[in-house]
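What follows is a single structure, written as structure tokens, with notes after it.
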Amino acid sequence: MAAQNSVLTQIARPYASALFDLAQSENQLASVETSLSDVSRLIGESADFARFLRSPVITADDKAQALDSVLAKSSTNPLVANFLRLVAKNGRLFALDAIIAGFRELAAKARGEITADVTSAAPLTGEQVTSLSETLKAKIGKTVTLNQFVDPSLIGGLQVKVGSQMIDSSLKTKLAAMKIAMKEVG
């Protein structure tokens with residue numbers, strides 16, 4: 001798995017860097033980042049779409065055509081739409097998650113921010129997002145940008161990943177720990 005992530009990083013880094021440089025030169029960093037967040041959310045929320053992007057069975061041309069159809073019906077930033085078409089044409093859609101993560105990392109670094117991945121059982125309210133951001137800012141000392149993901153299997157609570165640190169307060173993890181503890185007692 002680590003070797004696979006390394007290969008994805010090797011593939012994603014030049015794409016992320018090129019998009020970041022282009023967005024910065026066009027003064028569209030915020031707009032591009034918002035559009036990429038929408039794409040990332042779609043990948044995270046739709047298992048079918050994620051499988052479609054990663055599938056080695058579907059040809060790059062078929063993926064590009066399908067992506068064109070989706071982009072034609074969306075209000076995606078034109079720079080991002082063209083970038084996604086290029087990634088599809090080059091057969092690199094399987095690395096799209098890593099490309100988006102690389103872009104976010106570069107954008108956050110340019111703003112002096114740090115990024116945290118937050119997974120919750122249900123979408124967070126605006127008040128919860130603000131509270132979590134402020135708590136993390138107080139703990140870390142930097143402005144924190146949240147990448148939000150929804151995973152109903154968590155049942156409740158949160159999983160927060162900041163850099164290499166993971167804070168897991170999900171009920172799923174707590175129940176698993178209780179199950180292990182109960183096996184040890186019995």
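In this text the structure is predicted, and so the values were computed from the model without any measurement.
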Count I, L, V, M, F, W, Y as connected when their side-chain heavy atoms are under 4.5 Å apart, and connections chain through other members. Are [X] and [Y] then in the same cluster?
X	Y	answer
Leu84	Leu42	yes
Val162	Leu146	yes
Leu29	Leu19	yes
Ile43	Ile58	yes
Phe149	Val144	no

Approximate separation, where rounding is to 0.5 Å, of [X] [atom1] and [Y] [atom2]:
X	Y	atom1	atom2	result
Gln165	Ile140	CD	CD1	7.0 Å
Glu134	Thr143	CD	OG1	11.0 Å
Thr119	Leu124	OG1	CG	9.5 Å
Lys142	Leu136	NZ	CG	13.5 Å
Leu8	Leu96	CG	CG	11.0 Å
Arg54	Leu93	CZ	CG	11.0 Å

How about [X] and [Y]: do any of their side-chain heavy atoms sit closer than 4.5 Å?
X	Y	answer
Ser17	Asp21	yes
Gln24	Leu106	no
Val118	Leu158	yes
Gln148	Gln128	no

Taking all heavy atoms of [X] and all of [Y], pick out the closest pair and write down the distance.
X	Y	answer
Ala16	Phe103	CB-N, 3.5 Å
Arg85	Leu67	N-CD2, 4.3 Å
Gly156	Ala121	N-CB, 3.8 Å
Ala12	Ala95	CB-O, 4.4 Å

Apply side chain to side chain contact (heavy atoms under 4.5 Å, CB included) to residues Ser40 and Arg104 and explain how you reach the verdict. CA-CA 11 Å; Ser40 182; Arg104 285 181 174 158; 3.5 Å; yes
Side chain [X], main chain [Y], donor-acceptor under 3.5 Å:
X	Y	value
Ser69	Gln65	yes
Ser170	Gly157	no
Ser131	Glu127	no
Lys63	Phe94	no
Ser35	Asn77	yes

Quick one, Lys179 with Leu175, criterion side chain to side chain contact (heavy atoms under 4.5 Å, CB included). Give me CA distance, side-chain angles, the key distance, then yes/no. CA-CA 6 Å; Lys179 182 178 177 182; Leu175 289 171; over 6 Å; no
Is there any salt bridge (charged side-chain N to carboxylate O under 4.0 Å, His left out) pair reaching into residues 42-52, and which pairs are they, with sequence neighbours excluded? Asp48-Arg51
More than 12 foreign heavy atoms under 6.0 Å from CE of Met178: is that the case here?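 No, not enclosed.
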For Gln28, does the CD atom sit with more than 12 other heavy atoms under 6.0 Å from it, leaving out its own atoms?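 Yes - once you tally the heavy atoms of other residues, nucleotides and ligands closer than 6.0 Å, there are more than 12.
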Show, in sequence, the C-alpha distance, side-chain angles and deciding distance for Val32 and Leu22, and conclude whether the side chain to side chain contact (heavy atoms under 4.5 Å, CB included) test is met. CA-CA 10 Å; Val32 167; Leu22 184 59; over 6 Å; no
Would Phe83 and Tyr15 count as a side chain to side chain contact (heavy atoms under 4.5 Å, CB included) here? Give the steps. CA-CA 9 Å; Phe83 176 77; Tyr15 283 96; 3.9 Å; yes
Thr59-Asp61 side chain donor-acceptor pair, cut-off 3.5 Å: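 Thr59 vs Asp61: no donor-acceptor pair found between side chains.
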